[in-house]
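All ligand and atom numbering here is 1-based and tracks the order in the structure.
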Amino acid sequence: MEANKILFFSAKPYDKAFFTQHNAAYGFELDFLETHLGPHIVNAVDEGTFAVCVFVNDKLTAEVIEVLADKGVKVIALRCAGFNNVHLETAKRLGIRVCRVPAYSPEAVAEHAVAMLLTLNRKTHKAYNRVREQNFALTGLLGFNLHGKTVGVIGTGKIGRAFCKIMLGFGCKVVAYDLFEDSELSNLGVQYSTFEEVLKQADILSLHCPLTPDNKYLICQETLNLMKPGVTIINTSRGGLIHTSNTIEALKTGQIGYLGIDVYEQEDKLFFKDLSGMIIEDDTIQRLMSFPNVLVTGHQAFFTEEALSQIAETTLHNVQQLNKGEEPDPAVILI
Ligand SMILES: NC(=O)c1ccc[n+]([C@@H]2O[C@H](COP(=O)([O-])OP(=O)(O)OC[C@H]3O[C@@H](n4cnc5c(N)ncnc54)[C@H](O)[C@@H]3O)[C@@H](O)[C@H]2O)c1
């Protein structure tokens with residue numbers, strides 16, 4: 001019988017729910033493992049597995065991919081956009097196809113960035129706790145309007161574009177920096193400028209560019225010094241864009257007025273896990289979480305029903321095409 005099984009790694013209950021629901025139209029055999037894929041578990045992949053379905057923290061090293069090839073696995077299906085965790089050369093050499101979900105819901109991430117901003121500027125995170133203790137006093141909850149403020153956007157791809165449009169709707173002035181200018185956004189009123197100029201003008205800065213070797217620690221002491229005192233920074237992109245200890249110093253001096261982060265450089269040891277009963281050894285995240293003007297969420301910007309539906313649908317569609325010997329869209333196929 002032809003292999004029809006997809007084996008999932010790092011599977012959470014919500015992955016199981018959305019993939020099971022969408023699979024009704026595809027009819028694959030689905031098997032879900034909670035563990036990450038790595039050398040410790042790859043031997044458990046059984047023969048007859050057509051595809052492994054993986055997420056951001058699974059480790060598809062050359063060694064792991066060689067075992068997958070030995071087991072007859074034909075496809076590595078990433079249920080995310082990024083693919084820095086897959087050794088593509090080995091997959092290519094061994095004839096394993098690699099597909100991904102390049103875009104699922106830019107609005108999900110853009111709207112989360114806005115949610116973080118609105119939480120910080122109106123202190124709703126504090127108000128929520130306060131009223132639960134029947135404290136209806138307003139002292140300490142003074143916020144500021146977004147209307148009329150200058151919002152700096154770094155990266156105006158799919159997510160940055162959606163974010164710019166929302167901010168224009170709030171009546172903000174939007175200044176942006178990208179390697180490529182988007183004429184649709186310029187026509188809507190977004191003003192492109194140099195990176196330094198965006199930093200100098202922004203009351204609020206939101207990061208929407210990918211992390212590359214060239215832009216690691218884009219936000220560091222040097223660039224923080226260019227910004228307006230009391231600037232608000234939102235990062236829903238990648239933790240490595242921000243130099244965390246420089247940021248903590250800038251929070252202490254007030255150079256950063258508010259910080260909202262959905263991503264953190266050392267997040268792979270923390271995020272997507274319930275550590276509520278554990279001692280966290282990472283003092284940096286503990287220091288960050290101790291500031292009243294810092295909001296941390298655990299890489300949840302993508303986490304909407306619409307995005308999870310799209311991820312399941314695109315992934316199953318990709319695997320089905322490869323299973324039938326059809327060639328998927330170039331945007332989804334890496335190898
Ligand atoms: N928090 C989450 O849940 C989540 C989910 C999805 C994506 N993301 C992050 O969001 C990022 C953006 O996603 P996208 O779908 O908009 O990507 P995209 O490829 O559509 O857009 C990225 C944009 O950044 C620009 N860019 C690249 N390097 C730059 C630099 N050094 N300075 C300024 N601009 C630069 C590119 O030209 C492009 O326009 C992803 O790379 C990922 O890191 C986070």
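For atom 42 (C) of ligand 1, the closest non-hydrogen atom of the protein is Arg238 NH1, 3.6 Å. Remark: minimum distance from atom 32 (N) of ligand 1 to any protein heavy atom is reached at Tyr177 CE2, 3.4 Å. The shortest contact between atom 21 (O) of ligand 1 and any protein heavy atom is with Gly157 CA, 3.2 Å. The protein non-hydrogen atom at the shortest distance from atom 15 (O) of ligand 1 is Lys158 CE, 3.5 Å. Protein heavy atom at the shortest distance from atom 38 (C) of ligand 1 is Asp178 OD2, 3.5 Å. The closest protein non-hydrogen atom to atom 29 (C) of ligand 1 is Cys209 CB, 3.7 Å. Nearest protein neighbour of atom 31 (N) of ligand 1, counting heavy atoms only, is Asn215 ND2, 3.4 Å. Looking only at heavy atoms of the protein, atom 27 (C) of ligand 1 is closest to Pro210 CD, 3.5 Å.
The distance criterion of under 3.5 Å between nitrogen or oxygen atoms is not met by Thr212 with respect to ligand 1. Residue Ser237 places at least one N or O, backbone or side chain, under 3.5 Å from an N or O of ligand 1.
Heavy-atom contacts of Phe302 reach the following atoms of ligand 1: 3 (O) (cutoff under 4.0 Å). Close approach to Ala301 involves these atoms of ligand 1, each under 4.0 Å from a residue heavy atom: 1 (N), 2 (C), 3 (O).
Phe291 carries Arg287 over the face of its six-membered ring, with the cationic atom under 6.0 Å from the centre and within 45° of the normal.
Only the backbone of His208 comes within 4.0 Å of ligand 1, counting heavy atoms alone; no side-chain atom from C-beta on gets that close. Contacts of Asp262 with ligand 1, taken as heavy-atom pairs under 4.0 Å, involve the side chain alone.
A salt bridge links Glu66 with Arg93; the closest basic N to acidic carboxylate O contact falls under 4.0 Å. A salt bridge does not link Lys5 to Glu47: none of the charged nitrogens lies less than 4.0 Å from a carboxylate oxygen. No salt bridge links Glu89 with Lys92; every basic N to acidic carboxylate O contact stays at or beyond 4.0 Å. A salt bridge links Arg79 with Asp15: the distance from a Lys NZ or Arg NE/NH1/NH2 to an Asp or Glu carboxylate oxygen falls below 4.0 Å.
Judged by the shortest distance from any of its heavy atoms, Tyr104 lies inside the 4.0 Å radius around the atoms of ligand 1.
In summary, the side chains of Tyr264 and Asp282 do present a donor paired with an acceptor at a separation below 3.5 Å, with no hydrogens or angles considered. In this model, a donor atom of one side chain and an acceptor atom of the other lie less than 3.5 Å apart for His299 and Glu267. Under 3.5 Å, the side chains of Asp262 and Thr297 contain a donor-acceptor pair of N or O atoms.
With distances taken over non-hydrogen atoms, the option nearest atom 44 (C) of ligand 1 out of Val109, Thr304, Asn235, Thr236 is Thr236.
Atom CD of Glu326 has more than 12 neighbouring heavy atoms from other residues, nucleotides or ligands inside a 6.0 Å radius.
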- Message: Between Glu184 and Lys165, is the salt bridge (charged side-chain N to carboxylate O under 4.0 Å, His left out) condition met? List the steps.
- Response: CA-CA 10 Å; Glu184 187 206 344; Lys165 289 180 182 174; 3.1 Å; yes

